[in-house]
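Just so it is clear: chains get the letters A, B, ... in the order the sequence lines come, proteins before strands, and each one is counted from 1.
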Number of protein chains: 2
Amino acid sequence: MTTMKAAQKRAQAKVEYNAFLAGCPSRQLLDRISDKWVVLILCALGGDNSPGQPGAAQAVAPKAMRYSEISRLLAGVSQKMLTQTLRSLEHDGLLTRTVTPTVPVTVSYELTELGLSLHHMTRGLRNWAQAHMAEVLANRETYDSRTS
Amino acid sequence: MTTMKAAQKRAQAKVEYNAFLAGCPSRQLLDRISDKWVVLILCALGGDNSPGQPGAAQAVAPKAMRYSEISRLLAGVSQKMLTQTLRSLEHDGLLTRTVTPTVPVTVSYELTELGLSLHHMTRGLRNWAQAHMAEVLANRETYDSRTS
DNA sequence: GTGCCTACTTCCCCATGGGAAGTTTCTCTC
DNA sequence: GAGAGAAACTTCCCATGGGGAAGTAGGCAC
C-alpha cells in the first residue's frame, strides 16, 4: 500500500478497495454502514416500514420522512444518535436533507440513488433477521442446553 | 398494532417480527448482525477473502478458518472482540467451533447453513462498500466544499 | 408573557471496545 | 530439566462512544 508504482496504482484504482485492510477507505465505509442505526434508517427511508399488514405485500417505495417520523419509527434511538447518523449519511451522499421553513421548521430526509442502492442490502439484512429469527432462537436454546 | 383481533394475531404470529420495534427479538438480532466485525467475519468465512488479485474473479467458496487466520485477515480486530464475536455467532448457530487437540490446540470456525445464508447479505454489503467507495468519497468532497 | 412546537445541541455518565499483558498446556531446544 | 515458544484465549485498565435528559431557537397561539 505504501510502496507502489504508478502503473500499479492506476490498475488498482478501480478495483482494489479491500475492506479487510484496516486502513482502506472501503473498510471505514463498511464500518460506517455496518451499524444498526444506519441499517434501520435506510430501511425506514427505503419504504419497507409499513405498519405490518400481515399478508399484504409490503409497499416498498422509497419515501421522504421527517425527523420526528423517523424518530418515532425507530423506537429506541436517541436524538443524538439519530441526528449524528443522519448527518453522516448525508455527508456520504446517501440521503438528502431538506429544510422547509414552515411554522416550526420541518426537515425531511430522502434517499438518494446511492442510498437507494444500499437500501437493497440493508433491506435484505432486515428481512433476513425477521425471517430467521425463529431459527436463531432455536439455536440459542440448543446451545444453552448443551453447555448448562 | 394495539387493537387487534385474535384472528389477526394468529395470522401475525408467523410473520410479524418487526425489526423497528425496540423490544422485538428480530430487532436485537438485527442489532447483532449490523456490526462491523460480524460482517467481516462472515465475509471471511464465506470465502470472499482472496488476497485481492485484481481482475481475477474471486473464488467465493465457504471455508473453515482458524482463529489466527481470521485474526490476521481482519486487520485491526482485537483478540477480545474476535473471541466475543465468534462466540455470539456460534451461540446463534451461524458458525461452528471445532477444537482439534493438536500440539498447541487449534480451533477452526466454519459457517453453518444459516450463517451461509446471512453471508449472502454481508457479502453484498462488502461489495457495495468497495464498489461505491469512489462515489462516496466524491460526495464527501462535494459536501465539504459546499459547507466550508 | 407564557408556553408549545420541531429539530436539534449539550452535558453527564456508564457501558463497550481497544491494547497489552497474563494464562494454559504441550512440545521442542539447549 | 529449565526455559522458550506457540495457539487461543482471558483479564485488566483506560479511552471513546452512545444513552438519557435537559437546554436552545424562534415563531405562533392563547
Run the salt bridge (charged side-chain N to carboxylate O under 4.0 Å, His left out) test against B/Asp31 and tell me which residues pass, sequence neighbours left out. A/Lys36, B/Arg27

Ring pair (Phe, Tyr, Trp, His ring centres under 6.0 Å) partners of B/Trp128, counting only residues at least two apart: B/His132

By side chain to side chain donor-acceptor pair (under 3.5 Å), A/Thr106 pairs with (sequence neighbours left out) A/Thr102

Contacts of B/Thr85 that satisfy side-chain contact (heavy atoms from CB on, under 4.5 Å) - sequence neighbours left out: B/Trp37, B/Val38, B/Ile41, B/Met81, B/Leu89

Each nucleotide N or O in nucleotides 15-18 of chain C that has a protein N or O under 3.5 Å away: list the pair and distance.
residue	atom	partner	partner atom	Å
C/dG17	N7	B/Lys80	NZ	3.3
C/dG18	OP1	B/Trp37	NE1	3.2
C/dG18	OP2	B/Ser78	OG	3.3
C/dG18	N7	B/Lys80	NZ	3.3
C/dG18	O6	B/Lys80	NZ	2.4

Kindly indicate whether the side chain of A/Glu110, heavy atoms from C-beta on, has any atom under 4.5 Å from the side chain of A/Thr98. no

Applying side-chain contact (heavy atoms from CB on, under 4.5 Å), can you list everything that pairs with B/Pro25, at least two apart in sequence or on another chain? A/Met133, B/Tyr17

Those residues that, when tested against A/Arg87, pass side chain to side chain donor-acceptor pair (under 3.5 Å) (two or more places apart): none

Determine which pairs satisfy salt bridge (Lys or Arg N to Asp or Glu O under 4.0 Å) with at least one residue from residues 91-109 of chain B, sequence neighbours left out, and list them in order. A/Arg140-B/Asp92, B/Arg32-B/Asp92

Test of understanding: with side chain to side chain donor-acceptor pair (under 3.5 Å), list the residues that count as partners of B/Thr100, not counting sequence neighbours. none

Taking distance alone, no hydrogens or angles, what donor-acceptor pairs closer than 3.5 Å link side-chain atoms of residues 67-76 of chain A to residues at least two apart or in another chain?
residue	atom	partner	partner atom	Å
A/Tyr67	OH	A/Gln79	O	3.3
A/Tyr67	OH	A/Thr83	OG1	3.2
A/Glu69	OE1	A/Arg66	N	2.8

Atom pairs, protein N/O to nucleotides 4-8 of chain C N/O, distance under 3.5 Å:
residue	atom	partner	partner atom	Å
C/dT6	O3'	A/Arg66	NH2	3.3
C/dT6	O3'	A/Val105	O	3.4
C/dA7	OP1	A/Arg66	NE	3.3
C/dA7	OP1	A/Arg66	NH2	3.3
C/dA7	OP1	A/Val107	N	3.0
C/dA7	OP2	A/Ser68	N	3.1
C/dA7	OP2	A/Ser68	OG	3.0
C/dC8	OP1	A/Arg87	NH2	2.8
C/dC8	OP1	A/Arg97	NH2	2.5
C/dC8	OP2	A/Tyr109	OH	2.6
C/dC8	N4	A/Gln79	OE1	2.4
C/dC8	N4	A/Gln79	NE2	3.3

Under 3.5 Å between N/O atoms: give me all the protein pairs with nucleotides 2-4 of chain D, atom names plus distance.
none

